[in-house]
Amino acid sequence: MQNADIARTLNRLANLLDIEGANAFRVRAYRSAAQTIEFHPHALQDMVAREEPLTELPGIGRDLAEKITELINTGHLPVLEEAEKRLPPGLSQLMRVGQLGPARVRQLFEALGIDSLDALKKAARNGRIRTLEGFGEKTEAGVLKEAERLDDTPPRVRLDEAHQAAADLIAWLERAGGAQRLSAAGSLRRGRDTVGDLDILVSSEDAAAVMTHLASYPEIAETVSHGTTKSTLLLHSGVQVDVRVVDDESFGAALYYFTGSQAHNIATRKMATERGLKINEYGVYRGEKRLAGRTEEEVLAQIDLPWITPELRENRGEIEAAREGTLPALVTLDDIRGDLHMHTTASDGRASLEEMAHAARQRGYRYIAITDHSKRLAMANGLDAKRLREQMSEIDALNERLKNFTVLKGNEVDILEDGALDLPDDVLKELDVCVFSVHSKFNLSREQQTTRILRAMDNPHVNILAHPTGRIINGRQGYDVDIEAVLHGARERGVFLEINAQPARLDLSDHWVHMARDIGVALAINTDAHATDQLGHMTLGVTQARRGWLEKSDVLNTRTVTQLKKMMRR
DNA sequence: GCCGTTTTCGGCCCGACTGTTTTCAGTCG
């Protein structure tokens, strides 16, 4: 049983209890536990097997620890099964429909017997929902639309797409008369690998003018709501956007509030309450008196905390670290000296060796590694030993011509099914950097996949395990692999892992990055660029590294080329 | 159901917008 399964079960229970009208705080406790578990890096199943106390996790007390242990051991959660005797299980699904919360789901069930998405759509089309008290034609139409949208919209957009959509809209809003400060907030600002909806914040003395200008944005497909200071829009790209306008003196408080995360906000608001203060999106207040709000620093200073970078605001220890003055000095883009994973026209890249080198140099790098595919990836025109040696000679010749810049000889060698490598040792040992990765046999069991990768690491010539889970965001799940075991294996063998900065990969993801830091495995942040402009994905990779609390010294490619070469010799 | 440098009991973040209402409940983030 995976953490995601446990989280899903608890959420289902929370939904049913919510619909029944159970104590709202009890419901919240289940939801918050589900969230903690979903993002917890260690499998709770293993923790239970090792008899580690689950009550160590925030929001999990004695009762929940017992229930979760029973769920893991028996596959049953009696309190859920009892709830499913009282209410149809399908009601939990209805909670996913926009505009429907517990009260309306209960009403729909009690009055019309609606207990599934299909029943809901049918009732809406027949005009039966509008007959209920508190419902009308608009609600009926809105609910139908939301129910239909559930079927085909991907739930979250990629970080790079969200960045682009936000930049476009901010550029549009800057042209509104009177917009003072503008910023993206929400999970985009926190740098999560996917974004649910965009939050855009504007400060202005003339909210009406900004809102009017916003309404004429050509990318709007649908206006979900539109008030005097807040609007929710659906763009043609399928992205949902919340735009909020506040006075400039509240911009910092609003930015802080809308950046979240919700868990982070709840924690700091609670600290405020303990000090007799109240934090909302307009400022920090003692009674009616406003104490701060212009900047985030001002707001946090009121609860005796230093500014916390948005990437850390997940209530995963950053508040305690801030209080104790032990926040990490996170790695920045400026710290990056090179890029250790990229392709050229020799395999499936679109730019030549020389073009990639020049583009990297223009970004201020001191080195790159050229890592084309190996021969197994025939589809990508992978290199055999002979072609790889020819490329090495080309690199030697290029290095002769370049000053203050080094092209490292590399390859992205395929890990075969049994853990052997796709190129012979005598050529691998001539490489400066050997990146190795899985491109086939994704459906091996967890044990087989883990053994396969560990065996590949046993080869003394490999250095950096690329895109370690193989996931494609909104595309496919990664292969099943015990990353914790891989990290320990890497540490024992002097091997490193990669944060692949391709926006569709961002692999490792943040919680694995954090675990790598805890275990003490340095990571390389690589773009896996297949064209010169893709070298720019480095920013996304650095963001993931920051979300995993990495400092400069935790990142391989902040080293000088001399240091790096030494670390690549095992 | 969780939690505790005010509390082991009594709190639990806070406000905008909508639709359907005559003053507000429900939803959302």
Side-chain angles (χ1 to χ4, degrees), chain A residues 10 13-14 17-19 21-36 54-68 79 94-108 129-143 146 185-190 195-201 207 211 223-233 240-246 250 253-254 256-285 299 303-304 315 323:
Chain A
L10 291 179
L13 174 58
L17 292 175
D18 208 358
I19 293 163
N23 180 306
F25 295 109
R26 184 178 171 220
V27 173
R28 186 197 286 179
Y30 281 117
R31 292 216 172 97
S32 120
Q35 201 178 1
T36 299
L54 299 181
T55 49
E56 299 281 300
L57 301 183
I60 295 183
R62 228 182 54 173
D63 181 88
L64 267 169
E66 250 174 52
K67 288 189 165 93
I68 293 164
V79 62
L94 294 180
M95 292 283 283
R96 292 170 55 224
V97 178
Q99 303 185 33
L100 289 189
R104 285 176 178 165
V105 169
R106 179 168 66 235
Q107 196 186 352
L108 287 167
I129 289 178
R130 72 182 74 174
T131 62
L132 300 184
E133 193 182 334
F135 287 79
E137 282 185 39
K138 283 194 169 177
T139 307
E140 182 180 75
V143 164
E146 291 289 336
S187 51
L188 173 62
R189 183 160 180 254
R190 299 201 312 279
V195 173
D197 49 31
L198 291 184
D199 292 294
I200 305 291
L201 184 66
M211 295 303 282
T223 301
V224 179
S225 74
H226 190 77
T228 55
T229 64
K230 182 186 165 188
S231 181
T232 301
L233 309 165
Q240 182 163 308
V241 191
D242 286 333
V243 179
R244 187 68 185 271
V245 186
V246 296
S250 292
Y256 180 67
Y257 174 58
F258 289 110
T259 296
S261 65
Q262 197 174 16
H264 174 96
N265 283 354
I266 288 174
T268 53
R269 283 185 179 205
K270 206 168 165 188
M271 288 176 65
T273 310
E274 287 161 7
R275 288 165 167 76
L277 302 173
K278 183 177 75 171
I279 302 179
N280 60 26
E281 58 260 58
Y282 301 110
V284 183
Y285 295 84
V299 170
I303 48 173
D304 305 314
N315 196 23
R323 196 156 45 201

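Listed nucleotides: B/dC17, B/dG1, B/dA16. Nearest to the side chain of A/Ser225: B/dC17. In this structure, the nucleotide among B/dT27, B/dT18, B/dG1 sitting nearest to the side chain of A/Asp63 is B/dG1. Closest to the side chain of A/Arg104, from the set B/dT27, B/dC14, B/dG19, is B/dT27. With distances taken from any side-chain atom of A/Asp199 to the nucleotides B/dG29, B/dG1, B/dT27, the minimum falls on B/dG29. Taking the side chain of A/Asn280 as heavy atoms from C-beta on, and the options B/dT27, B/dA16, B/dC14, the nearest nucleotide is B/dC14. Here B/dG15 is the nucleotide among B/dT27, B/dC13, B/dG15 with the atom lying nearest to any side-chain atom of A/Tyr282. Comparing B/dG19, B/dG29, B/dC2 against the side chain of A/Gln240 picks out B/dG29 as the nearest.
Atom CD of A/Gln107 sits in a crowded spot, with more than 12 heavy atoms from other residues, nucleotides or ligands closer than 6.0 Å. Surrounding CZ of A/Arg62 are at most 12 heavy atoms belonging to other residues, nucleotides or ligands under 6.0 Å away.
Taking atom P in both B/dC28 and B/dT23, one finds a spacing of 25 Å when rounded to whole Å. B/dT20 and B/dG15 are spaced 26 Å apart, taking the P atom of each and rounding to whole Å. With P as the reference atom, B/dG1 and B/dT5 are 23 Å apart, rounded to whole Å. Of the C1' atoms belonging to B/dC12 and B/dC17, the separation is 25 Å, rounded to the nearest Å. Taking the P atoms as reference points, B/dT6 lies 23 Å from B/dC2, given to the whole Å. Taking atom P in both B/dT18 and B/dC13, the straight-line distance is 26 Å, to the nearest Å. Rounded to whole Å, the P atom of B/dA16 lies 24 Å from the corresponding atom of B/dT21.
Between A/Arg244 and A/Glu281 the shortest side-chain heavy-atom distance falls below 4.5 Å. Residues A/Ile200 and A/Asp242 form no side-chain contact, since every pair of their non-hydrogen atoms from C-beta on lies 4.5 Å or further apart. Between A/Val245 and A/Lys230 there is no side-chain heavy-atom pair separated by less than 4.5 Å. Side-chain contact between A/Lys278 and A/Val284 is absent, with no heavy atoms from C-beta onward closer than 4.5 Å.
In terms of phosphate contacts, A/Arg26 brings a side-chain nitrogen or oxygen within less than 4.0 Å of OP1 or OP2 of B/dG1. Between A/Thr139 and B/dT20 there is a side-chain N or O to OP1 or OP2 distance below 4.0 Å.
At a threshold of 4.0 angstrom between heavy atoms, the contacts of A/Thr228 are confined to the sugar-phosphate backbone, with no base atom among them. Counting non-hydrogen atoms under 4.0 angstrom, A/Gln99 reaches the backbone sugars and phosphates but no base. No engagement by A/Glu140 is indicated, since no non-hydrogen atom pair under 4.0 Å with the nucleic acid exists. As judged by a 4.0 angstrom heavy-atom cut-off over every strand, A/Asp242 is placed among residues touching the sugar-phosphate backbone only. Within 4.0 Å of A/Thr229, counting heavy atoms only, lie sugar-phosphate atoms of the nucleic acid but no base atom. A/Lys270 comes within 4.0 angstrom of no nucleic acid atom, judged by non-hydrogen atoms across all strands. Within the 4.0 angstrom heavy-atom criterion, only backbone atoms of the sugar-phosphate kind lie near A/Gly98; the bases stay farther away. If you check every strand for non-hydrogen atoms under 4.0 Å, A/Asn265 touches nothing. Residue contacts shown for A/Glu281 are limited to sugar-phosphate atoms, with no base heavy atom under 4.0 Å away.
Separating the CZ atom of A/Arg28 from the C1' atom of B/dC13 is a distance of 7 Å, rounded to the nearest angstrom. When the C1' atom of B/dC14 is taken as reference, atom NZ of A/Lys230 falls 12 Å away, rounded to whole Å. With rounding to whole Å, A/Arg244 atom CZ is found 6 Å from B/dA16 atom P. The CZ atom of A/Arg31 sits 16 Å away from the C1' atom of B/dC2 (whole-angstrom rounding). Going from atom CZ of A/Arg96 over to atom C1' of B/dT27 covers 17 Å, rounded to whole Å. Regarding A/Glu133, its CD atom lies at a distance of 13 Å from the C1' atom of B/dG19, rounded to whole Å. Regarding A/Ile266, its CD1 atom lies at a distance of 14 Å from the C1' atom of B/dG11, rounded to whole Å. Between A/Asn23 atom CG and B/dC12 atom C1' the separation is 10 Å, expressed in whole Å.
Taking 4.0 Å as the cut-off between side-chain N and carboxylate O, A/Asp18 and A/Arg31 count as a salt-bridged pair.
The residue among A/Asp197 and A/Gly61 whose nearest nucleotide of DNA chain B lies closer to the 5′ end is A/Gly61. Between A/Arg269 and A/Val27, it is A/Val27 whose nearest contact on DNA chain B lies nearer the 5' terminus.
Ring centroids of A/His264 and A/Tyr256 are separated by less than 6.0 Å, placing the two rings close together.
Searching all strands for a Watson-Crick or G-U wobble partner of B/dG11 with both distances below 3.5 Å returns B/dC2.
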